Amino acid sequence: MLTKKEIRFCLDEMGKMFPNAHCELVHQNPFELLIAVVLSAQTTDASVNKVTKTLFQKYKTPEDYIQASLTDLEQDIRTIGLYRTKAKNIQKLCQKLLDEYDGQVPQDLKQLMELPGVGRKTANVVRSVAFGIPALAVDTHVERVSKRLGFCRWKDTVLEVEKTLMKKIPMEEWSIAHHRMIFFGRYHCKAQNPNCLNCPLQSVCREGKKRMKGLKVK
DNA sequence: AACTCGGGGCA
DNA sequence: TGCCCAGAGTT
């Protein structure tokens, strides 16, 4: 695994590559962010942003989502993947917010993860972006980049990746580190094409060094 | 740990 | 038309 100093170097270089790395999900409040992130599971942020623009004009509160018919809500989000499941989850989620949290979005990780359609990644994004709570959301980009570079071990589970990153990265940098890894993974260190030949992290990257020797990168 | 759910974007 | 993208929930 890379040292803290090497990881810092990597994150700094990512910052130079993507100076505008930021959260692309538009949101005005925790509730809207929660809905947006639930919708974004297994789909691109761009697709979700198309839907939420009109969605948030039509639905303002948890009550609004519950009072709508399921088929109406499905139609309103039909252009994103898994829209039937997500429509159902959102109605159940809103009911739960009303029943248990007075219509407010909870900040507690376990309470968030008990909401339908909310897993660890979504919960951590909501905590970090909506509430400013230090949290590290591990999605496929963060996981892949962390494993390739050597921020963590290859065999680590998602949870182990999260724990390791939290240990190796200063808490006040979790948020920016998250966004830099997302951008680096999405636009440079892609799943199918790591682009090692043109990578400023080559000197420290585990997989990059292998690739330079002619070995195939995972 | 493996499998399932499902659209859009792109070649 | 077929491949790629990208989490939660269940068994």
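Computed from a predicted model, the values in this text were never measured in an experiment. Naming convention: chains lettered A, B, ... in sequence-line order (proteins, then strands); numbering from 1 in each chain.
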Tell me whether the side-chain N/O atoms of [X] come closer than 4.0 Å to OP1 or OP2 in [N].
| X | N | result |
| --- | --- | --- |
| A:Thr43 | C:dC5 | no |
| A:Arg84 | B:dG7 | yes |
| A:Thr140 | C:dG7 | yes |

* What does A:Val118 touch in the nucleic acid at a heavy-atom separation under 4.0 angstrom: a base, only the sugar-phosphate, or nothing? ->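 The answer is sugar-phosphate, as A:Val118 gets under 4.0 Å only of primed atoms, P, OP1 or OP2.
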
* Base, sugar-phosphate alone, or nothing: which one does A:Gly81 contact when heavy atoms must sit under 4.0 Å apart? ->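 If one applies the 4.0 Å heavy-atom cut-off, A:Gly81 turns out to touch a base.
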
Atom-to-atom span, [atom1] of [X] to [atom2] of [N] - whole angstrom:
| X | N | atom1 | atom2 | value |
| --- | --- | --- | --- | --- |
| A:Glu114 | C:dT10 | CD | C1' | 17 Å |
| A:Asn89 | C:dG9 | CG | P | 7 Å |
| A:Arg186 | B:dG9 | CZ | C1' | 14 Å |
| A:Ile77 | B:dC5 | CD1 | C1' | 14 Å |
| A:Ile80 | B:dG6 | CD1 | P | 11 Å |
| A:Leu82 | C:dG7 | CG | C1' | 9 Å |
| A:Lys121 | C:dA8 | NZ | P | 7 Å |
| A:Lys50 | B:dG8 | NZ | C1' | 7 Å |

* First encountered from the 5' end of DNA chain C, between A:Gln192 and A:Leu115 ->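 Its nucleotide being nearer the 5' end, the pick is A:Gln192.
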
* Main-chain N/O of A:Lys147 paired to A:Arg206 side chain as donor or acceptor, under 3.5 Å ->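 Side chain of A:Arg206 to backbone of A:Lys147, a donor-acceptor pair under 3.5 Å: yes, one is there.
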
* What's the spacing between A:Glu114 CD and A:Leu93 CG if we round to 0.5 Å? ->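 Reported to 0.5 Å precision, the distance equals 12.0 Å.
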
* To do: With rounding to the nearest 0.5 Å, note down the distance linking NZ in A:Lys60 to OH in A:Tyr65.
  =>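 Going from NZ on A:Lys60 over to OH on A:Tyr65, the span is 9.5 Å.
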
When rounded to the nearest Å, what value does the distance between [atom1] atoms of [N] and [M] take?
| N | M | atom1 | value |
| --- | --- | --- | --- |
| B:dC10 | C:dG7 | C1' | 22 Å |
| B:dG6 | C:dT11 | P | 16 Å |
| C:dA8 | B:dG9 | P | 22 Å |

* Could you please name the option among C:dA6, C:dA8, B:dG8 that lies closest to any side-chain atom of A:Thr79? =>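 Closest of the options to the side chain of A:Thr79: B:dG8.
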
* To do: Inspect the contact between A:Glu173 and A:Arg8 and indicate whether a charged nitrogen and a carboxylate oxygen are less than 4.0 angstrom apart.
  =>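 A salt bridge links A:Arg8 with A:Glu173.
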
* Asked: What are the two closest heavy atoms between A:Ala36 and A:Val48, and how far apart are they?
  ->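 That closest heavy-atom pairing would be O-CG1, 3.6 Å.
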
